[in-house]
Amino acid sequence: MSDPVRVRFAPSPTGYLHVGGARTALYNYLYAKNHGGQFILRIEDTDLERSTDESLRMQISDLQWLGLNWDEGVDPETLESKGGYGPYRQSQRLEIYQKYCVELLKSGKAYYDFRSDEELEKIKNESEKFTRIPRPDNILDYEEALKKVNSGVPAAIRFKVEGGEDHVIEDLVRGEVRLPEDMVGDFIIMRSNGMPVYNFCCAVDDALMKITHVFRAEEHLSNTLRQKMIYEALGFQLPQFGHLSLILGADKQKLSKRHGATSCNQYRETGYLPKALLNFIALLGWSPGQDQEILSLTELIEKFDGTRLHTAGAVFDQDKFKWMNSVHLRALDNSVLWDLLKPLFERENISLPESEDFIHKSLDIFKPKMETLVDAPELYRPIDGKLFEVTEEGQEVLNWEETQKVLNAWEEELKLNHALYLTGEEFDEIQNRVKEKAGVKGKHLFMPIRVAVIGKPHGADLKSLVPLIERQSLLARVKKCRGEA
RNA sequence: GUCCCUAUCGUCUAGAGGCCUAGGACACAUCCCUUUCACGGAUGAGACACGGGUUCGACUCCCGUUGGGGACGCCA
């Protein structure tokens with residue numbers, strides 16, 4: 001039997017979780033769950049300048065919002081490592097990297113590079129068609145170099161790339177990928193400040209943490225070559241790689257900030273549902289093979305076995321995402337949806353009844369009109385009498401010739417009723433009487449009434465809407481429309 | 001520039017040699033439902049980048065061209 005599946009998501013805490021990162025996390029998560037394996041969260045925080053605990057907390061919060069829970073890694077509350085292969089923050093694993101680095105140094109597979117930034121910059125600029133940093137002319141042997149370093153001369157450590165042979169990677173997505181070794185030059189594994197670098201940590205950690213499968217973006221293909229060399233130099237067993245196609249913007253370039261919203265948090269704040277985001281990004285570069293497009297996380301787990309991954313890049317289509325969100329939104333239970341909406345109403349100071357009856361009746365009307373959660377306040381605002389106001393479009397309707405007659409009759413009818421709320425049937429009757437009294441029909445009848453109810457000529461069906469608003473409030477609104485308030 | 005990856009409607013995709021007159025979804029158009037707005041329903045328009053092979057037969061396999069993307073950091 002093969003080893004139990006262990007996959008990881010390894011973000012660097014330098015900002016919010018990007019949708020590309022979220023998809024990588026999702027695919028790894030799905031693969032683990034589909035195979036009954038473990039999903040590990042490792043933090044790649046070796047870039048001291050850019051990594052912050054604040055960013056780490058943001059990333060964790062985004063992952064939790066998405067519901068991608070990990071079996072091992074940092075604890076979401078304490079940020080402490082939890083699991084049998086820790087610590088899971090690279091900044092806490094420095095001794096481990098040190099040890100393997102010395103091993104490479106001693107065996108001559110890595111060397112100290114004493115060249116300064118300026119020198120390297122100069123080398124780069126000298127040749128117009130620069131591809132990779134050349135090896136320094138004089139490499140000191142380990143003992144000698146160590147002395148120099150100990151005397152205070154800064155040096156980075158580079159891995160020696162011998163070149164010559166081709167490396168073949170059996171990629172889960174692309175099949176056989178052939179990478180010539182001299183595609184890359186001697187690369188840095190340890191900075192002159194003593195901090196190890198991504199490719200080195202990643203290889204060491206994946207090996208030590210017994211990672212079996214790595215799904216990551218295509219941009220890492222050349223890193224995979226570097227990591228493979230490290231694996232071989234250290235005698236580790238290589239995991240299976242799957243290089244995912246990139247998520248692109250509308251211009252087909254790698255999705256980045258200039259394309260607009262790219263962080264999960266931005267979608268969270270603009271009223272998107274985590275299940276919609278998960279569903280949408282899952283289908284960006286993967287397909288379950290059937291026509292079904294609306295999938296729950298459980299269904300995704302069931303269907304995602306690591307095959308059917310697409311090789312070409314996929315454009316993130318905002319329109320389709322919005323549509324998908326609206327589908328998930330409409331499938332939500334009224335009470336669940338209401339709980340999500342409540343904070344939004346509070347934020348905009350919209351006061352609403354909270355009876356079961358109101359929640360269900362109002363959501364039945366407004367749910368089909370929402371694409372994202374943030375559409376709700378605009379829809380509900382007209383229900384709150386204190387926020388009633390007439391839009392520009394509504395004002396035009398009020399200026400119609402017949403409108404006064406309609407409004408007079410409407411007000412009269414409202415006064416004749418004594419109930420707290422009108423029923424839909426009562427509204428129908430009233431509307432009929434208004435029609436007769438004012439002698440107006442069609443849109444010249446119902447549009448003025450609608451403006452007198454919600455302040456604008458378009459919106460939900462009045463028969464369902466009117467019973468949600470207190471009769472007294474309706475009366476106050478007509479008055480306001482006639483300039484009496 | 002060098003190397004790597006890649007190519008089906010505008011977009012996401014189905015298609016693993018004959019099932020393809022190329023299917024679905026978003027967006028778009030028209031119609032129906034509706035006294036408005038949505039939702040819903042129906043219909044329509046819309047693609048195999050190009051050129052060579054292989055084969056009785058290529059969207060599917062191979063090669064090339066062209067297009068697109070990525071990497072070439074003491075970032076990850």
Side-chain angles (χ1 to χ4, degrees), chain A residues 10-14 21 44-47 49-51 90 113 115-117 120 124 127-133 154-158 171 173-174 177-180 182-185 187-199 201-202 216-225 243 245-246 248 250-254 280 283-294 308 310-324 326-327 330 364-371 375 379 397 431 435 441-447 449-450 454 456-463:
Chain A
S12 63
T14 56
E44 311 220 319
D45 56 352
T46 55
D47 184 349
E49 260 124 71
R50 297 199 304 154
S51 305
Q90 291 184 330
D113 183 355
R115 288 174 294 185
S116 65
D117 284 351
L120 294 171
K124 257 188 182 179
S127 68
E128 212 147 288
K129 296 165 194 162
F130 173 81
T131 48
R132 49 185 181 268
I133 292 282
I157 300 170
R158 278 184 197 272
D171 192 272
V173 181
R174 284 153 218 280
V177 178
R178 187 170 292 270
L179 303 165
D182 52 18
M183 184 179 170
V184 297
F187 56 93
I188 296 203
I189 57 175
M190 193 73 80
R191 297 173 171 90
S192 53
N193 70 1
M195 284 302 279
V197 175
Y198 167 73
N199 279 300
C201 303
C202 185
R216 52 156 58 142
E218 182 188 13
E219 56 194 346
H220 283 293
L221 224 26
S222 64
N223 287 328
T224 300
L225 169 61
H243 288 92
S245 57
L246 262 15
L248 313 173
D251 59 358
K252 302 248 183 193
Q253 307 276 317
K254 184 162 76 160
F280 185 69
L283 264 26
L284 242 34
W286 173 77
S287 134
Q290 301 133 345
D291 286 343
Q292 185 187 1
E293 286 199 292
I294 302 297
R308 315 187 57 83
H310 232 246
T311 45
V315 174
F316 191 99
D317 183 350
Q318 303 279 347
D319 282 341
K320 186 158 185 177
F321 181 30
K322 204 165 224 187
W323 164 79
M324 190 169 276
S326 75
V327 173
R330 263 177 260 132
D364 285 347
I365 300 169
F366 293 135
K367 207 152 60 164
K369 294 178 190 295
M370 287 183 219
E371 287 185 307
D375 290 334
L379 259 8
V397 172
Q431 195 182 38
K435 180 158 102 184
K441 58 180 182 178
K443 71 171 188 176
H444 292 279
L445 170 69
F446 63 80
M447 279 201 176
I449 298 180
R450 179 174 280 109
I454 59 170
K456 46 192 179 185
H458 300 290
D461 180 33
L462 281 175
K463 189 178 174 180

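Hydrogens, waters and symmetry mates are skipped; everything else that's a heavy atom, side chains included, is used. Proteins get letters first, then strands, A, B, ... in listed order; numbering begins at 1 in each.
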Measure from CZ on A/Arg450 to C1' on B/U34 and round the result to the nearest Å. 11 Å
A/Ala314 side-chain proximity, nearest of B/C12, B/G70, B/U36: B/C12
Distance-only donor-acceptor test (3.5 Å): side chain A/Lys320, base B/A25: yes
Between the base of B/A76 and the side chain of A/Asn223, is one N or O donor paired with an acceptor at under 3.5 angstrom? yes
CE of A/Met447 versus P of B/U35: gap in Å, rounded? 13 Å
Write down the partner of B/C19 under the Watson-Crick or G-U wobble criteria, each distance required to be under 3.5 Å. none
Could you go through the side-chain contact (heavy atoms from CB on, under 4.5 Å) check for A/His243 and A/Val173 one step at a time? CA-CA 6 Å; A/His243 288 92; A/Val173 181; 5.5 Å; no
Which nucleotide, if any, forms a Watson-Crick or G-U wobble pair with B/C72, using both distances under 3.5 Å? B/G1
Could you tell me whether A/Lys463 and A/Asp461 make a salt bridge, using a distance below 4.0 angstrom between a side-chain N and a carboxylate O? no
For B/U65, which nucleotide in any strand shown is its Watson-Crick or wobble partner with both distances under 3.5 Å? B/A49
Comparing A/Leu246 with A/Asp47, nearest RNA chain B nucleotide closer to 5' gives the residue A/Leu246
If the C1' atom of B/A14 is compared with that of B/U60, how far apart are they to the nearest Å? 13 Å
I need the A/Arg450 CZ to A/Leu462 CG distance, nearest 0.5 Å. 4.5 Å
Quick one: look up who B/A42 pairs with, Watson-Crick or G-U, both distances under 3.5 Å, and put none if it's unpaired. B/U30
Out of B/A14, B/G69, B/G10, whichever nucleotide has its closest atom nearest the side chain of A/Asp317: B/G10
Kindly say if A/Arg132 contacts the phosphate of B/A71, meaning a side-chain N or O under 4.0 Å from OP1 or OP2. no
Using a 4.0 Å heavy-atom cut-off, does A/His310 contact any base of the nucleic acid, only the sugar-phosphate backbone, or nothing at all? sugar-phosphate
Please give, in whole Å, the distance from B/A71 P to A/Glu218 CD? 9 Å
With under 30° as parallel and over 60° as perpendicular, where do the rings of A/His220 and A/Tyr198 fit, or are they tilted in between? tilted
What about A/Ser192: does its side chain form a donor-acceptor pair under 3.5 Å with the base of B/C74? yes
Return the nucleotide paired to B/C59: Watson-Crick means purine N1 to pyrimidine N3 with N6-O4 or O6-N4, wobble means G-U with N1-O2 and O6-N3, both under 3.5 Å. none
Base partner of B/U35, which must satisfy Watson-Crick or wobble distances under 3.5 Å: none
